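Report on one structure; see the data block that follows.
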Amino acid sequence: MNFLRVKLVDATLAALLTALLSIPILGTHIISEPGYIGLEWDGWKVFIAVALVFSVRLFQEQLRPLARVTHLMPDMAPALRFTQNRRLVMMLLLFVALIWPFFSSRGNVDIATLALIYIMMGLGLNIVVGFAGLLDLGYVAFYAVGAYSYALLSQYFGVSFWLALPLSGLFAASFGFILGFPVLRLRGDYLAIVTLGFGEIIRLVLNNWDSLTGGPDGIGSIAKPTLFGLEFSRQAGAGGIPFHEFMGIEYSGMYKVIFLYLLALALVVFALFVINRLIRMPVGRAWEALREDEIACRSLGLNPTNIKLSAFTLGATFAGFAGCFFAARQGFINPESFTFIESAIVLAIVVLGGMGSQVGVILAAIAMTVLPEIAREFDQFRMLIFGGVMVLMMIWRPEGLLPTKRPVMEMPHG
Amino acid sequence: MSGSEFILRLDGVHSHYGMIEALKGASLEVNRGEIVSLIGANGAGKSTLLMTTCGDPQASKGAIHYEGRDITSEPSHMIMRSGISVVPEGRRIFSALTVVENLQMGAFFADREQIEHDLAHIYTLFPRLKERQSQQGGTLSGGEQQMLAIGRALMARPKLLLLDEPSLGLAPLVIAQIFEIIQAIRDEGVTIFLVEQNAHRALQISDRGYVLENGEIVLQGKGSELLTNDEVKRAYLGG
């Protein structure tokens, strides 16, 4: 049958290609013995890969129904799109989030704090990518600006966390503004490339400006946040009072971890509140309109540059807050923490969550930070799994976990 | 009509897309309260003339006056805030936004009361839009989208409404409806400048008309005169 022959040829070609690609990668491994380094041929992995590609390619049609399991997956979207009791459920979730660290382990709370940092960044980038539709691949730059703002202010001027927090946001915002001005005339792909470059520039500057930033050695012993002046260390610094002494309780390292967690939670709630307000305001509507059709926006008297700039600057602000908190939590930062992969992860969070959907972003951020921790044993395969999940998501749910449900406002009609 | 009544005047306007000169010194006038149409073949530069009036692209030579003010080098978004509204070619509604949100976008700088008042007015002009107000723009039919685009432009309370091919891709019955509405809008005191390929329809409702060929105005006159003009008949009215 002609049809069968076509399929056979196709499968053989695919298998050949696989062989070509996998022989150098899978087929050999390096032997290093004292005085000798060489390659050893090991063919069975190549054989498995080739056989797998060949058979999948050949039985593509038969396998296709498997890819449609999405029908069997419960559609959780409506359940989460509660409208009736939305407020109540939100309150309940917040209550649980406030209470659980007191009954959990230190490690868990730590991971949750990390997740909250990513939620914060996801929410910020969601403004830029999800709402305004501007692809920003250098978001980590603003995170770095926020982190280094606090680290430097703390090191050189002894500025406290609480003063540095708004300042970090402000600095990140001004970087967003300065970058946005020349860059936002660009469209789509060009914008992505320039922002990518910007992210790298910031990292390289931090890495090489030894006299100011300490270069690759980073900045250490950054002051931890305090609670109304109460410190969370065993012994307070000059003139300070440790939290446990003030409360008259035993010292425990757990207090600090929980405090940081609650602080991150408060920041995220603040971000959610502000962003929710913004997207219901005209500026939020303008972001969406801009994403839809720039020419139409201009024909309505909107200035696209200003709208883009506002989205870019606001997005950067939240990255600045997240960065400041990150620096305070770690107590040590260096440029290693602000590589491109961070931008990629935050972007993945936004895309996985469903562009423009805030609940989706939160879920995706939790998944992206908690799952790798749970699957520690598969550490080596993390990027592989990550890639696989991305591919599957794009097949099953191209619009993300929870596609946007836009807030709809109706005018009262008399 | 005397020259002082014009709301829009183009004097020898040139316009370029890169190296290509799309307008080669076009001059025309639109008087207050008129419907003026600009007809011409594909690629004659009709849309370019309309968009140049909006400042996108800006005229490379010549002058554009609106209400006695020189707007030749004003940025596009400022022109669109000064009482000129445009319904761009291909409608360009926001397909993910609902009908009512699309309309609200038209009055971005207005306060809430004005928006409510104007929405009610738009709904009397286009009862269909009221029925569909919480539907997404992209789910509307072509005719409804055109109505939405016109409604959105009207939300800015224009004195001068520019329409680019409002009949494009619509069924004859719907076209008739749209042209009726255009007349109704004029009767409310909005001056209308219409760019159309559907020359017959356009000239029927127009007070005056201009014919554009290769970036130049080659003919002008009353709508009824152009309808009976032999040249126009041959070139644009199919005999």
Side-chain angles (χ1 to χ4, degrees), chain A residues 81 83 126-127 129-134 181 184-185 187 277-311 354-357 360 398-400 402-414, chain B residues 50-51 53-56 75-113 115-120 123 130 133-138 148-149 152-158 162 164:
Chain A
R81 273 186 200 140
T83 40
N126 195 27
I127 297 178
V129 179
F131 287 114
L134 306 165
F181 241 132
L184 290 175
R185 291 162 210 281
R187 275 158 212 266
R277 273 293 151 94
L278 283 171
I279 58 175
R280 282 175 175 77
M281 274 160 54
V283 65
R285 186 74 52 74
W287 290 337
E288 284 187 275
L290 188 77
R291 183 189 61 201
E292 293 268 306
D293 195 324
E294 190 172 332
I295 293 177
C297 274
R298 227 174 314 154
S299 84
L300 297 173
L302 306 180
N303 184 348
T305 316
N306 285 353
I307 300 170
K308 286 182 190 174
L309 212 51
S310 66
M355 305 258 258
S357 152
E399 294 190 308
L402 281 177
T404 334
K405 177 78 167 73
R406 304 184 41 261
V408 174
M409 270 202 308
E410 295 203 16
M411 304 282 263
H413 296 286
Chain B
L50 190 99
M51 291 317 287
T53 309
C54 301
D56 180 26
S76 184
H77 62 270
M78 292 314 290
I79 295 175
M80 305 321 297
R81 287 182 208 177
S82 63
I84 302 181
S85 274
V86 63
V87 179
E89 187 173 2
R91 312 187 265 268
R92 293 195 173 269
I93 56 157
F94 304 116
S95 51
L97 268 57
T98 62
V99 167
V100 68
E101 286 170 340
N102 263 281
L103 291 172
Q104 286 164 359
M105 280 305 296
F108 196 75
F109 303 98
D111 59 51
R112 213 186 154 84
E113 273 142 63
I115 292 178
E116 263 178 67
H117 175 269
D118 289 6
L119 268 179
Y123 287 151
K130 182 165 187 167
Q133 57 176 320
S134 38
Q135 238 173 280
Q136 287 192 337
L148 180 56
R152 188 179 64 182
L154 287 176
M155 288 295 287
R157 294 193 172 177
L162 312 176
D164 197 351

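The structure displayed is predicted, hence computed values, not measured ones. As a basis for the values below, the full set of heavy atoms in this structure was taken, side chains included, without hydrogen atoms, waters or symmetry mates. Quick note on labels: first sequence line is chain A, next is B, and so on, each numbered from 1.
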Q) Quick one: side chain to side chain donor-acceptor pair (under 3.5 Å) pairs with a partner in residues 77-88 of chain B, sequence neighbours left out? A) A:Asn303-B:His77
Q) Looking at B:Cys54, B:Ala153, B:Ser95, which has the largest count of heavy-atom pairs under 4.5 Å with chain A? A) B:Ser95
Exercise: identify the closest heavy-atom pair between [X] and [Y]:
| X | Y | answer |
| --- | --- | --- |
| A:Leu300 | B:Gly106 | CD2-CA, 4.0 Å |
| A:Val283 | B:Phe108 | N-CZ, 4.3 Å |
| A:Ala296 | B:Arg152 | CB-NH2, 3.9 Å |

Q: Select one option (side chain, backbone, both, neither) describing which atoms of B:Phe94 are under 4.5 Å from chain A's heavy atoms.
A: both
**Q.** Which atoms of B:Asp56 approach chain A - backbone, side chain, both or neither, heavy atom under 4.5 Å
**A.** side chain
**Q.** Interface residue of largest heavy-atom contact number with chain B, from A:Pro282, A:Pro304, A:Cys297, A:Ala289, under 4.5 Å
**A.** A:Ala289
Separation of [Y] [atom2] from [X] [atom1] (nearest 0.5 Å):
| X | Y | atom1 | atom2 | answer |
| --- | --- | --- | --- | --- |
| B:Leu97 | A:Asp293 | CG | CG | 11.0 Å |
| B:Met105 | A:Arg285 | CE | CZ | 7.5 Å |
| B:Met51 | A:Arg298 | CE | CZ | 7.5 Å |

Q.
Within a 6.0 Å radius of atom CZ on A:Phe181, are there more than 12 heavy atoms belonging to other residues, nucleotides or ligands?
A. no
Q: Using atom types as modelled and distance alone, determine if a side-chain donor or acceptor of A:Glu292 lies under 3.5 Å from a backbone N or O of B:Ala96.
A: yes
